[in-house]
Structures are given as C-alpha cells and as structure tokens.
Amino acid sequence: MVTLHKSLPKGRIQKLFKKSPTDEEIRLMSKVLGAYLGEVIRRNKGGEWASNEQFDALGLYFGDDKWVFPVAKVHKRLMNGEEDNVFSFYQIAMNDF
C-alpha cells in the first residue's frame with residue numbers, strides 16, 4: 001500500500017512527469033485489499049458482510065449497529081497515506097467487537 005500511495009501525484013508538476021494510478025485502479029486495489037482485510041477480521045472476530053444503506057457501503061456487521069468498513073479504510077489509506085493506518089484499524093476492530 002505504501003508504494004501505491006507514494007505513486008500518487010502530489011502536485012501539478014509531478015503529474016506531468018510521473019504516471020500515477022487511475023481512479024479505477026485505486027478503486028479496484030481498495031476493493032481487493034479491503035476484501036482481504038475484511039476477511040481476516042471476519043475469520044478472527046466474526047461478523048458478516050452486509051450492505052449498509054446509511055453509508056451506501058459494504059462492510060462487516062457485528063450486530064447492535066456495529067460496523068467496520070475495510071474497503072473504505074483501505075481507500076483512505078491509499079489516498080491519505082500513513083495517517084490512515086490499516087494496522088490500527090485492524091487492532092480496533094479486533095478489540096472493540
């Protein structure tokens with residue numbers, strides 16, 4: 001994920017000299033890596049994949065209106081960098097549910 005995030009252009013000049021992933025490539029990688037992350041959480045902690053109508057997003061539902069959204073988290077990580085740490089997200093999901 002670090003490599004993909006670093007390949008995103010940071011300014012106008014870099015866009016001219018460096019090919020970056022397309023929006024579609026980022027979306028696809030978010031789905032693939034987010035699905036993997038979600039399955040790791042589901043297999044270790046439970047929950048079930050479901051569609052959340054309020055957020056119009058796919059996530060893991062743990063009952064009592066408790067959700068995690070691994071695909072969205074991975075997308076944020078790819079776009080924002082280390083500040084959206086996926087390992088911290090995993091630890092919180094494992095401890096809070």
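All values below were derived from every heavy atom in this structure, side-chain atoms included, with hydrogens, water molecules and symmetry-related copies excluded.
Both L33 and M94 are assigned to one and the same hydrophobic cluster, defined by single-linkage of ILVMFWY side chains at heavy-atom distances under 4.5 Å. Transitive grouping of hydrophobic side chains (ILVMFWY, heavy atoms separated by less than 4.5 Å) brings F87 and M29 into a common cluster. Both Y36 and L58 are members of a single hydrophobic cluster when ILVMFWY side chains are connected at heavy-atom separations under 4.5 Å.
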For F62 and I41: C-alpha separation, side-chain torsions, deciding distance, then whether side-chain contact (heavy atoms from CB on, under 4.5 Å) applies.
CA-CA 11 Å; F62 294 94; I41 294 169; 3.9 Å; yes
Before giving the answer on side-chain contact (heavy atoms from CB on, under 4.5 Å), spell out for V74 and F89 the whole-Å C-alpha distance, their side-chain angles and the decisive distance to 0.1 Å.
CA-CA 10 Å; V74 168; F89 175 84; over 6 Å; no
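Nearest heavy-atom pair across N44 and Y90 is ND2-OH, 3.9 Å. Minimum interatomic distance between W49 and G34 (heavy atoms only, all atoms of both residues): CH2-O, 4.1 Å. V71 approaches A35 most closely through the heavy-atom pair CG2-N, 4.1 Å. Contact between G38 and P70 at its shortest, heavy atoms only, is CA-CG, 3.6 Å. Closest non-hydrogen pair, S30 versus L78, comes out as OG-CD1, 3.6 Å.
Distance check: E39 CD to L37 CG gives 10.0 Å after rounding to the nearest 0.5 Å. Taking CG from D23 and CG from L28, the interatomic distance works out to 12.5 Å, rounded to the nearest 0.5 Å.
Of the listed residues (R77, E82, K76), just one forms a side chain to side chain contact (heavy atoms under 4.5 Å, CB included) with N80, and that residue is K76.
Heavy-atom contacts from other residues, nucleotides or ligands closer than 6.0 Å to CG of D96 number more than 12. The 12-atom threshold is not exceeded at CG of D56, counting heavy atoms of other residues, nucleotides or ligands nearer than 6.0 Å. Heavy-atom neighbours of E83 CD from other residues, nucleotides or ligands within 6.0 Å: above the threshold of 12.
Side chain of D64 to main chain of K66: no donor-acceptor pair is present (N/O by atom type, distance under 3.5 Å, no hydrogens or angles).
Using cut-offs of 30° and 60° for the angle between ring planes, the W67 and Y61 rings count as tilted.
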